[in-house]
Amino acid sequence: IPNSDFPELGLPLTHEGNEMKKVLLATTVLAGFAGAAFADDATKVKLSGYGRFGVLSYAGNTDIVTRMRLNFDASVTVDSGVEFGGRIRMQSTNVGGGATLNDAQLHASYQGLRVEVGNSNTAYDSAALMWDSEMGFLDSSAGDPVEPTFYYSSGPLSGGYMGVFVSYSVGDFNGMLSYVDPNQSASGTTKETSVAADYKFGQFKVSAAYTHNGAGVAGVNAAFVGASYAINDVTTVGLNYFDEGATGAKAKTTTLYGNYKMDAITLRGY
């Protein structure tokens, strides 16, 4: 899922659920999807995540920063090949008040089609090249978008928040569409809609995204277009452009970036 698990420095944790977990989950899913036929041993429970720590200096301050993230993923595949699943995330940082769980994301997928509801990803945030100028263990860049938009949240959401995300992949093309209602239980709330597309041809990649009423604020729109070129197996260059509305101001950013791999080391610049 774009933006859910960007490469991070740290220790990846992966553990497949034991048979007891499979039995418990299968019972729960059967209750939720009564009448569906399940393939043998199709239920999966996975725990994954990472930990990171380091020193950050900014504006005259030097801090030790930490993050520990755990993803709890569960899925079941019916005989027709449709996968139903969900994710809940637990995260703790040095500025938090302890480990917290976020709101659930539920999904259904079949071949190249995927539908998410709840704490879903959004099309704008998921554009493939949007974050490619990032560097460092915090994955940050002055070339990042202002992003006055909704996105998958690692923390709890408030009110009756409801997101819907649809993506379809075929060959080297990936199209995405999302809709977010900040509070579907309240009338008069402004809804956000986003669309994005990625395409790869040969050594080139292109990506574009647009958001209307970003973060549920009427009239705040954001646009992105980017392209990258793989010079060879170890060298890539790219160019990103953002035109974003943020709290009444327009943020226009153009970023030229590149990276070069040397065995286990990657040099980056923008």
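Residues: numbered from 1 along the sequence shown. Predicted model only: the values in this text are computed from it and were never measured.
The closest donor-acceptor contact from the side chain of Thr255 to the backbone of Asn240 lies at 3.5 Å or more, if one exists at all. Of the possible polar contacts, one joining the Ser178 side chain to the Ala123 backbone as a donor-acceptor pair under 3.5 Å is found. In terms of modelled atom types and a separation under 3.5 Å, the side chain of Asn213 and the main chain of Gly216 share no donor-acceptor contact. A donor-acceptor contact shorter than 3.5 Å is absent between the side chain of Asn259 and the backbone of Leu267.
Heavy-atom neighbours of Asn61 CG from other residues, nucleotides or ligands within 6.0 Å: above the threshold of 12. Annotation for Tyr110: atom OH does not count as buried by contact number, only 12 or fewer foreign heavy atoms lying within 6.0 Å. Within 6.0 Å of the NZ atom in Lys191, the count of heavy atoms belonging to other residues, nucleotides or ligands exceeds 12.
Residue Tyr124 holds its OH atom at 7.5 Å from CD of Glu147, rounded to the nearest 0.5 Å. Note that OG of Ser194 is 10.0 Å distant from CE of Met176, once rounded to the nearest 0.5 Å. The distance from the CG atom of Asn121 to the OG atom of Ser126 is 4.5 Å, given to the nearest 0.5 Å. Taken from OH in Tyr152 to CG in Asp125, the straight-line distance is 12.0 Å, to the nearest 0.5 Å. Rounding to the nearest 0.5 Å places OG1 of Thr193 at 8.5 Å from CG of Asn221. Taking CZ of Phe53 as the start and OG1 of Thr93 as the end, the distance is 15.5 Å to the nearest 0.5 Å.
The heavy-atom pair separating Tyr210 from Ala223 by the smallest distance is CD1-CB, 4.0 Å. Minimum heavy-atom separation, Arg89 to Asn102: N-OD1, 2.8 Å. Closest non-hydrogen pair, Ser120 versus Gly163, comes out as OG-C, 3.3 Å. Contact record, Glu192 with Thr149: OE1-CA, 3.4 Å, taken as the closest heavy-atom pair. Closest approach of Ile88 to Ala104, counting heavy atoms only: CG1-CB, 3.9 Å. Of all the heavy atoms in Tyr161 and Tyr151, the pair that sits closest is OH-O, 4.2 Å.
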I would like to know whether Phe72 and Met90 meet side-chain contact (heavy atoms from CB on, under 4.5 Å); could you show each step before the answer?
CA-CA 8 Å; Phe72 301 87; Met90 177 183 289; 4.0 Å; yes
Going through the checks in order, is the side-chain contact (heavy atoms from CB on, under 4.5 Å) test met by Val65 and Phe137?
CA-CA 10 Å; Val65 294; Phe137 84 104; 3.3 Å; yes
List the steps and the verdict of side-chain contact (heavy atoms from CB on, under 4.5 Å) for Asp144 and Glu134.
CA-CA 7 Å; Asp144 278 350; Glu134 291 186 326; 2.9 Å; yes
Test side-chain contact (heavy atoms from CB on, under 4.5 Å) on Arg52 and Arg69; report intermediate values, then the result.
CA-CA 9 Å; Arg52 72 183 188 195; Arg69 172 180 291 176; over 6 Å; no
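Counting heavy atoms from C-beta on, the side chains of Asn71 and Leu47 never come closer than 4.5 Å. Using a 4.5 Å heavy-atom threshold, the side chains of Lys205 and Tyr199 count as separate. You'll find the side chain of His212 stays beyond 4.5 Å of the side chain of Val195, heavy atoms only. Residues Thr254 and Leu239 have side chains in contact (heavy-atom distance under 4.5 Å, counting atoms from C-beta outward). Counting only heavy atoms from C-beta outward, the side chains of Arg67 and Gln91 approach each other to under 4.5 Å. Using a 4.5 Å heavy-atom cutoff, the side chains of Phe201 and Val206 are in contact. Met135 is not listed as a side-chain neighbour of Ser141, based on a closest heavy-atom distance of 4.5 Å or more. The shortest distance between side-chain heavy atoms of Val55 and Thr62 falls below 4.5 Å.
Placement of Phe204 and Ile231 within a single hydrophobic cluster is found when ILVMFWY residues are connected by side-chain heavy-atom separations under 4.5 Å, directly or transitively. With hydrophobic clusters built from ILVMFWY side chains whose heavy atoms lie under 4.5 angstrom apart, Tyr241 does not share a cluster with Trp131. Taken together through direct or relayed side-chain contacts under 4.5 Å among Ile, Leu, Val, Met, Phe, Trp and Tyr, Val76 and Val82 form part of one hydrophobic cluster. Connection of Tyr168 to Val115 is established within a shared hydrophobic cluster, with ILVMFWY side chains joined at heavy-atom distances below 4.5 Å, either directly or through further cluster members. Val170 and Val166 fall within the same hydrophobic cluster, where Ile, Leu, Val, Met, Phe, Trp and Tyr residues are linked whenever their side-chain heavy atoms come under 4.5 Å apart, directly or through other members.
Legend: residues meeting salt bridge (charged side-chain N to carboxylate O under 4.0 Å, His left out) with Asp243, ordered by chain and number and at least two apart, are Lys250. For Tyr58, there are no ring pair (Phe, Tyr, Trp, His ring centres under 6.0 Å) partners two or more places apart in sequence or in a different chain.
Between the side chains of Asn174 and Ser169, a donor-acceptor pair is found at a separation under 3.5 Å. Donor-acceptor pairing under 3.5 Å is recorded for the side chains of Asp198 and Ser207.
Of the charged side-chain nitrogens involved, at least one lies within less than 4.0 Å of a carboxylate oxygen, so that Asp73 and Arg87 count as a salt-bridged pair.
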